[in-house]
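Reckoned from all heavy atoms, side chains included, excluding hydrogens, waters and symmetry mates.
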Amino acid sequence: MGNKKKLRPYGDKQKQFDKRYLRMAKVWAENSYCERRKVGALIVKGKMIISDGYNGTPAGFENICEDENKKTKPYVLHAEANAITKVAKSNNSSDNSSLYVTTSPCMECSKLIIQSGIKRVVFSDKYRISDGLDLLKRAGIELVYIDLEKDEYEIQ
């Protein structure tokens, strides 16, 4: 009984890794051709980036995300979906991994996150619709919100 270590939910080291990976996802978002919102995502497993993604059109399509009315085209893929489908085509598994994404996931991406076995989602911008986060909470996915500018770290 005396050998039990008191575990802290997050040490400073994990927080630093989370912030670094989230900053990397922000840089990756710069690859997006979308004008309205640029989103980046990284999937990390065992401190190794196993996939990445940003929002944009499917492979082989023109790199134009919005129509003439500045509305996002319906076939634009979200960063999370791009990262998850990319890892699905690789020899890696996203089971028990963490997803770092610059904007909180929508409902559709949240379903993909649950099905792909991702256990943690770390995000920086809260999207105005929270139904994706609500679904992830219901599924027992760990959610971490980080405000990089204010240096705030919040486990949801």
- Task: Report yes or no: do Met107 and Val76 belong to one cluster of Ile/Leu/Val/Met/Phe/Trp/Tyr joined by side chain heavy-atom distances under 4.5 Å?
- Result: no

- Task: Answer with yes or no whether the hydrophobic clustering places Tyr21 together with Tyr153; edges join I, L, V, M, F, W, Y residues whose side-chain heavy atoms lie under 4.5 Å apart.
- Result: yes

- Message: Do the side chains of Asp95 and Lys119 get close enough for a salt bridge, i.e. N-O under 4.0 angstrom?
- Response: no

- Message: Can you confirm whether more than 12 heavy atoms, excluding those of Asn91, are under 6.0 Å from its CG atom?
- Response: no

- Only one of Lys15, Arg20, Gln16, Gln14 forms a side chain to side chain donor-acceptor pair (under 3.5 Å) with Asp18, so which one is it? Gln14

- Item | Check: Arg36 and Cys65 side chains under 4.5 Å, non-hydrogen atoms | no

Donor-acceptor pairs are to be reported for all side-chain atoms of residues 121-128 against protein atoms at under 3.5 Å, with residues two or more places apart or in another chain.
from   : atom 1 : to     : atom 2 : distance (Å)
Ser124 : OG     : Thr102 : O      : 2.9

- Hits for salt bridge (charged side-chain N to carboxylate O under 4.0 Å, His left out) against Glu62, two or more places apart or cross-chain, chain-then-number order -> Lys73

- Task: With the side chain counted from C-beta on, respond yes when Asn82 and Tyr54 share a heavy-atom pair under 4.5 Å apart, and no when they do not.
- Result: no

- Task: Report the distance from atom CD1 of Ile114 to atom SG of Cys109, rounding to the nearest 0.5 Å.
- Result: 11.5 Å

- Query: Would you say the side-chain atoms of Lys45 pair up with the backbone N or O of Ser93, donor to acceptor, closer than 3.5 Å?
  - Reply: yes

- Item | More than 12 heavy atoms of other groups within 6.0 Å of Tyr33 OH | no

- Task: To the nearest 0.5 Å, tell me how far Asn63 CG sits from Asn31 CG.
- Result: 10.5 Å

- Task: Report yes if some heavy atom in the side chain of Ile113 is under 4.5 Å from a heavy atom in the side chain of Pro105; otherwise report no.
- Result: yes

- Between Lys38 and Glu30, is the closest basic N to carboxylate O distance under 4.0 Å? no

- Message: Side-chain heavy atoms nearer than 4.5 Å, only ILVMFWY residues, links allowed to pass through others: does that put Tyr145 and Leu135 together?
- Response: yes

- For the hydrophobic clusters of this structure (ILVMFWY residues joined by side-chain heavy atoms under 4.5 Å, transitively), does one cluster hold both Val87 and Leu77? no

- Message: Show, in sequence, the C-alpha distance, side-chain angles and deciding distance for Asp52 and Ile43, and conclude whether the side chain to side chain contact (heavy atoms under 4.5 Å, CB included) test is met.
- Response: CA-CA 6 Å; Asp52 54 58; Ile43 299 176; over 6 Å; no

- Item | Straight-line distance of Ile84 CD1 to Ser116 OG, nearest 0.5 Å | 4.0 Å

- Query: Which atom names give the shortest non-hydrogen contact between Leu133 and Ser110, and what distance separates them?
  - Reply: N-OG, 4.3 Å

- Query: Has Gln115 got more than 12 heavy atoms of other residues, nucleotides or ligands less than 6.0 Å from its CD?
  - Reply: no

- Message: Could you check whether any side-chain heavy atom of Tyr100 comes within less than 4.5 Å of a side-chain heavy atom of Met24, counting everything from C-beta outward?
- Response: no

- Query: Quick one: does Leu148's side chain get under 4.5 Å of Leu22's, heavy atoms only?
  - Reply: yes

- Considering all heavy atoms, the nearest Glu80-Thr103 contact: OE2-O, 4.2 Å

- Message: Any side-chain to backbone donor/acceptor pair from Asp147 onto Asp151? Under 3.5 Å, distance only.
- Response: no

